[in-house]
K.L.:
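Structure below; questions to follow.
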Amino acid sequence: TASIDGTVFFLSVGEHGVNLEPVGFASVPGPVTAISWSEDGTTLLVGCETGDVVEMTAPAAGAVDTSHTYEINLQAKFYEFKRPRA
């Protein structure tokens, strides 16, 4: 899931899509306006209201230590787009 608060929360989906298990969340530079998964489901492209686009590798369920927090640092690439002036 993605939010106006600038976070992207990853969930693990159980069999038949019934059980959802929290994996963790990552912060992005601004409110999320769009998300798109890669065809193989390993990478997420996140568009922000600020003009930033973040490409992040999805965490594997069970591979993240959430004993203290669900906040995770993911491998990510950041792109910034600016609107042309009229």
K.L.:
Using every non-hydrogen atom in the two residues, find where A26 and L74 come nearest and quote the distance to one decimal.
P.N.:
CB-CD1, 3.9 Å
K.L.:
Under the side chain to side chain contact (heavy atoms under 4.5 Å, CB included) criterion, do I35 and L44 qualify, and how do the steps go?
P.N.:
CA-CA 7 Å; I35 57 174; L44 184 65; 4.1 Å; yes
K.L.:
Would you check, one step at a time, whether the test side chain to side chain contact (heavy atoms under 4.5 Å, CB included) holds for V28 with T7?
P.N.:
CA-CA 6 Å; V28 294; T7 58; over 6 Å; no
K.L.:
Return the orientation label for the W37 and F10 ring planes: parallel under 30°, perpendicular over 60°, tilted otherwise.
P.N.:
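W37 and F10: perpendicular rings.
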K.L.:
Using the rule that Ile, Leu, Val, Met, Phe, Trp and Tyr join whenever any side-chain heavy atoms are under 4.5 Å apart, tell me whether V8 and L45 fall into a single cluster.
P.N.:
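No, it is not one cluster - the side chains of V8 and L45 are not joined through contacts under 4.5 Å.
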K.L.:
Working to the nearest 0.5 angstrom, can you tell me the gap between F25 CZ and D5 CG?
P.N.:
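It is 8.5 Å, given to the nearest 0.5 Å.
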K.L.:
Identify all side-chain donor-acceptor contacts of residues 51-64 below 3.5 Å with residues at least two apart in sequence or on another chain.
P.N.:
unit_1, atom_1, unit_2, atom_2, d
D52, OD2, T50, OG1, 2.5
E55, OE1, Y79, OH, 3.1

K.L.:
Please report the closest heavy-atom contact between V32 and A2, naming both atoms and the distance.
P.N.:
CG1-CB, 3.4 Å
K.L.:
Between atom CG of L20 and atom CZ of F9, what is the distance when rounded to the nearest 0.5 Å?
P.N.:
10.5 Å
K.L.:
Out of curiosity, C48 SG to F78 CZ, how far, rounded to the nearest 0.5 Å?
P.N.:
8.5 Å
